[in-house]
Novice: 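Structure below; questions to follow.
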Amino acid sequence: MTTTWISNPLACWTGTGQTADNGLVVRNGQIVELVARGMVPVTEYDDRFDASDVVILPGLINCHHHFFQTLTRALPAALNKPLFPWLQALYPVWSNLNDDAIYASTQLALSELLLSGCTTAADHHYVFSTIMPHAIDVQVEAARGIGNRVTLTRGSMSLGQSAGGLPPESVVETDNHILSESERLVRDYHNRAEDSLCQIALAPCSPFSVTPELMQASATIAEREDLLLHTHLGETAEENDFCLRTYGERPVDYLEKVDWLNERVWLAHGIHFNDGEIARLGHARTGVCHCPSSNMVLASGTCRTRDLQSAGVRVGLGVDGSASNDGSNLIQEARQAMLTQKLQYGAEQFSHLDALRMATLGGAEILRRPELGSLAVGHQADLALFSLDEPRFSGYGDPLAALLLCGAHRASYVMVAGEWKVKKGELVDNDIGQIMARHSEAAQRLRIEYTKL
Ligand code: ZN
């Protein structure tokens, strides 16, 4: 068993206030010592990694994504549209997804995330069809090949157009089938261990694409099996209108009615809430995943992250689907969060450290993984190391501030569970060229199928 001292970094941000100015020691997948300035480890080590040209961060955590949407980035039919017309343009394309497309897009998105310093990612897959009934099983296999930790959520759509919902019937399933599949996936893949690489959560897509009965039944299963629950909520003003028209209540009232106002729940976007609703979400200790790029591309609005945090809501960060961003780069997303929140609250009210906290500790709180998202003895050895040896950083003062203010975009080294997954800016276990070739072929097939419709 190798014990490695990652030594002498430009800076090491632990996220907890503890210092590790002379790096940290990793053994058996865990952090076993933080080393103070000018000190050497007390722990005996047999390997020393020279970190003198990098900044060390806890591995970044992405709380909301749709890996499959990497296949429809910058699709002409969906450009320059707000959420509902954007979705309606894309549903028919996504109805042609097959297993190979899911495998390729999962591997591409996870590689892209890993290269941006992201060691843990939650994916919300909600498109299932007769040609692709087992997408999550395919994702589990694909994720194993890349090596990030994943929380794969069994998404779903059960309220088709004929019943007043938004999606076409080709991508809608019955509530009973969704629930039995959810239970099977939990049995087959949900690993509850501290060092888990794969967890399952339940994720009906949104109020406008599933039935209230499915929401309620999912909450019952989550309570019984001790699982997390995820959905889109408060993304647009149109969603509020839809809920008032269809259910006679606003989204947070709807959430409460179906037993989703509790700490198992994290919501993607969380923009269009009034003060009273924010207080209720905070009181219930729900989580919200801020997705700044997506919110700007679709012009959905700006999440009130400070107000949510003050009320008690746990706030994390997500890149959202790569058809509304259109990239899967989490360190860039942290910069976007810093910029949008400064604009919203004032330059002094939101710092680069606030954005880094959201991208690390915030995500760990949302995914209930206290052993991730910060660097401390006993925590998992998930690290993201960024070099500042690029023209964009030249002349920097504060190395941590430089990461976000100068626009870091690629990690030099990334470690998951004590194993290097990225070295010198390249994947260790995979050929990114092969992953891209398979992915672009799948994307092209999807576009050809679409033109036949
Ligand atoms: Zn989303």
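In each ligand, atom 1 is the first atom listed, and ligand 1 is the first ligand listed.
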Novice: For the Zn ion (ligand 1), report each protein N, O or S atom nearer than 2.8 Å, sorted by chain and then by residue number.
Specialist: H64 NE2, H66 NE2, H232 NE2, D320 OD1
Novice: Got a donor-acceptor contact below 3.5 angstrom from the T286 side chain to the L281 backbone?
Specialist: yes
Novice: If a pair satisfies salt bridge (Lys or Arg N to Asp or Glu O under 4.0 Å) and one of its residues is in residues 99-124, list it, with sequence neighbours excluded.
Specialist: R73-E112, D100-R438, D100-R445
Novice: Are R154 and F128 in a cation-pi contact, defined as NZ or CZ under 6.0 Å from the six-membered ring centre and within 45° of the axis?
Specialist: yes
Novice: Sequence neighbours left out, what passes salt bridge (charged side-chain N to carboxylate O under 4.0 Å, His left out) with R224? Give chain and number order.
Specialist: E183
Novice: Thinking salt bridges, do D275 and R304 make one under a 4.0 Å N-O criterion?
Specialist: yes
Novice: Which residues pass the salt bridge (charged side-chain N to carboxylate O under 4.0 Å, His left out) test with D431, not counting sequence neighbours?
Specialist: none
